[in-house]
Participant: 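Here it is: the structure, laid out below.
As a basis for the values below, the full set of heavy atoms in this structure was taken, side chains included, without hydrogen atoms, waters or symmetry mates. When a residue number appears, it is its place in the shown sequence, counting from 1.
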Amino acid sequence: MKRALTPGTFDPITSGHLDVIARASQLVDEVVVAVADSQKKGPLFTLEERVELVRQATAHLPNVRVEPFKGLLVDFAKELDATVVVKGLRAITDFEYEFQMTAMNYQLSPQLETLFIMSPPQYMYLSSSIVREISKMGGDIQQFVPPCVYEALKKKYANLQ
């Protein structure tokens with residue numbers, strides 16, 4: 001069985017993330033969406049909230065499951081017997097960062113491959129931080145996120161004001 005990891009903070013999951021996950025699910029037997037703890041990033045949503053939002057957003061994809069993780073991605077991949085990491089690329093800045101991470105992961109675990117999926121034009125500008133900022137300022141984000149995230153962001157920012 002070919003198992004892939006699609007890691008990220010997913011704070012929150014966007015339509016761009018979903019595109020990468022759905023496309024990856026067509027290439028392997030199982031995709032594990034690995035939701036990183038990422039406390040250093042100061043996420044808006046807790047790890048538990050992010051895992052639940054990703055589960056709701058990917059419920060329509062039968063070969064996708066969602067798991068939280070802390071620590072090194074290569075260790076988590078080994079624990080799950082995953083052989084590939086799937087990452088989305090939006091722009092050249094993504095490539096530079098992901099290239100560095102891939103090189104380091106290769107040094108730590110040479111048998112773990114990395115597959116990059118290019119974002120389609122409608123998602124190349126989309127990021128979780130942009131979605132959070134627009135939402136915080138009262139902008140309409142419905143076209144950028146799944147419905148569960150739209151509702152969660154409305155609630156989150158209503159509670160913060």
Side-chain angles (χ1 to χ4, degrees), residues 1-38 41 43-102 105-106 109 111-132 134-135 141-153 156:
M1 171 191 274
K2 284 282 185 196
R3 181 173 293 127
L5 289 182
T6 303
T9 305
F10 303 105
D11 187 40
I13 189 167
T14 68
S15 299
H17 292 128
L18 282 174
D19 176 71
V20 170
I21 294 164
R23 290 164 62 197
S25 75
Q26 296 171 1
L27 301 174
V28 295
D29 300 313
E30 182 182 40
V31 173
V32 177
V33 181
V35 182
D37 185 36
S38 297
K41 288 186 174 182
L44 175 65
F45 292 98
T46 66
L47 179 59
E48 294 76 19
E49 288 171 325
R50 290 181 281 129
V51 166
E52 182 54 31
L53 288 171
V54 176
R55 282 187 179 138
Q56 289 176 38
T58 59
H60 67 288
L61 299 169
N63 64 332
V64 172
R65 69 179 163 118
V66 182
E67 298 290 341
F69 85 99
K70 296 179 183 185
L72 292 175
L73 182 65
V74 294
D75 293 339
F76 192 57
K78 200 171 293 181
E79 179 183 321
L80 296 179
D81 198 29
T83 57
V84 65
V85 173
V86 178
K87 297 291 292 186
L89 292 178
R90 294 170 298 185
I92 194 70
T93 52
D94 281 352
F95 178 79
E96 290 173 8
Y97 174 78
E98 296 300 345
F99 183 81
Q100 183 179 21
M101 295 306 299
T102 298
N105 286 342
Y106 185 79
S109 183
Q111 68 279 3
L112 186 62
E113 290 293 338
T114 300
L115 174 69
F116 295 112
I117 294 181
M118 295 298 299
S119 292
Q122 70 265 31
Y123 300 132
M124 284 191 169
Y125 60 88
L126 188 57
S127 70
S128 295
S129 57
I130 288 173
V131 164
R132 288 192 312 270
I134 293 169
S135 182
I141 57 159
Q142 289 185 73
Q143 64 182 320
F144 308 127
V145 296
C148 61
V149 170
Y150 175 71
E151 293 302 323
L153 280 167
K156 186 68 82 170

Participant: Decide yes or no for L18 and P146: does some side-chain heavy atom of the first lie under 4.5 Å from some side-chain heavy atom of the second?
Facilitator: yes
Participant: Which value, rounded to the nearest 0.5 Å, describes the distance between M118 atom CE and K87 atom NZ?
Facilitator: 14.0 Å
Participant: What is the distance from atom CZ of F99 to atom OG1 of T114, rounded to the nearest 0.5 Å?
Facilitator: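 One gets 11.0 Å once the value is rounded to the nearest 0.5 Å.
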Participant: Less than 4.5 Å apart, side chain to side chain, heavy atoms only: is that true for V131 and P12?
Facilitator: yes
Participant: May I ask you to test the D81-R3 pair for a side-chain heavy-atom distance under 4.5 Å?
Facilitator: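 Contact flag for D81/R3 side chains = yes.
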Participant: Quick one: pull up CE in M1 and OG1 in T83 and give me the separation to the nearest 0.5 Å.
Facilitator: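 Rounded to the nearest 0.5 Å, the CE-OG1 separation comes to 11.0 Å.
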Participant: With heavy-atom distances below 4.5 Å as the criterion, would you say the side chains of L153 and L44 are in contact?
Facilitator: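 Result yes, sub-4.5 Å side-chain heavy-atom pair found.
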Participant: When the ring planes of F69 and F76 are compared, do they come out parallel, tilted or perpendicular, using 30° and 60° as the limits?
Facilitator: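 Because their plane-to-plane angle is under 30°, the rings of F69 and F76 count as parallel.
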Participant: What's the spacing between S109 OG and L72 CG if we round to 0.5 Å?
Facilitator: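 Separation between the atoms: 10.5 Å.
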Participant: Would you say K156 and R132 make side-chain contact, with heavy atoms under 4.5 Å?
Facilitator: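 Side chain of K156 against side chain of R132, heavy atoms only: no contact under 4.5 Å found.
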Participant: Report yes if some heavy atom in the side chain of V31 is under 4.5 Å from a heavy atom in the side chain of V86; otherwise report no.
Facilitator: no
Participant: For a 4.5 angstrom cut-off between non-hydrogen side-chain atoms, does Q122 reach D19?
Facilitator: no
Participant: Work out which heavy atom in L5 is nearest to a heavy atom in A82; give both atom names and the distance.
Facilitator: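 Nearest pair, atom of L5 first, then A82: CG-CB, 3.8 Å.
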Participant: Is the backbone N or O of Y123 less than 3.5 Å from a side-chain atom of R90, with the two atoms forming a donor-acceptor pair by type?
Facilitator: no
Participant: Taking all atoms of both residues into account, what is the closest heavy-atom pair of L27 and R23, and its distance?
Facilitator: CG-O, 3.5 Å
Participant: Do you know the tightest heavy-atom contact between A4 and V28?
Facilitator: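 Nearest pair, atom of A4 first, then V28: CB-CG2, 3.8 Å.
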Participant: If every non-hydrogen atom of F10 is compared with every non-hydrogen atom of A34, which pair is closest and at what distance?
Facilitator: CE1-O, 3.8 Å
Participant: Quick one: does L80's side chain get under 4.5 Å of R65's, heavy atoms only?
Facilitator: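 The answer is yes, as the side chains (C-beta and beyond) meet within the 4.5 Å cut-off.
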Participant: For E48, which residues count as a side chain to side chain contact (heavy atoms under 4.5 Å, CB included) partner, sequence neighbours excluded?
Facilitator: T46
Participant: Between C148 and Q56, which heavy-atom pair has the shortest distance, and what is it?
Facilitator: CB-OE1, 3.0 Å
Participant: Step through the shown structure and confirm whether more than 12 heavy atoms of other residues, nucleotides or ligands are within 6.0 Å of OH on Y125.
Facilitator: yes
Participant: What closest approach, in Å, do L47 and P68 show between heavy atoms, and which atom pair accounts for it?
Facilitator: CD2-CB, 3.9 Å
Participant: Using only atom types and a distance under 3.5 Å, with no angle test, would you say the side chain of S15 pairs donor to acceptor with the backbone of F144?
Facilitator: yes
Participant: For the pair S25 (side chain) and A22 (backbone), establish whether a donor and an acceptor sit closer than 3.5 Å, ignoring hydrogens and angles.
Facilitator: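 Judged by distance alone, yes, a pair lies under 3.5 Å.
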Participant: Say you draw a straight line from CD of Q111 to OH of Y106; how long is it, rounded to the nearest 0.5 Å?
Facilitator: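 Reported value, rounded in 0.5 Å steps: 9.0 Å.
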Participant: Output the distance between atom CD1 (I21) and atom CG (N63), rounded to the nearest 0.5 Å.
Facilitator: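 One finds 11.5 Å between CD1 of I21 and CG of N63.
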Participant: Among R55, E52, R50, which residue satisfies the side chain to side chain contact (heavy atoms under 4.5 Å, CB included) criterion with V66?
Facilitator: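 It is R55; the other options fail the test.
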Participant: Show your reasoning for whether side-chain contact (heavy atoms from CB on, under 4.5 Å) applies to K41 and D11.
Facilitator: CA-CA 10 Å; K41 288 186 174 182; D11 187 40; over 6 Å; no
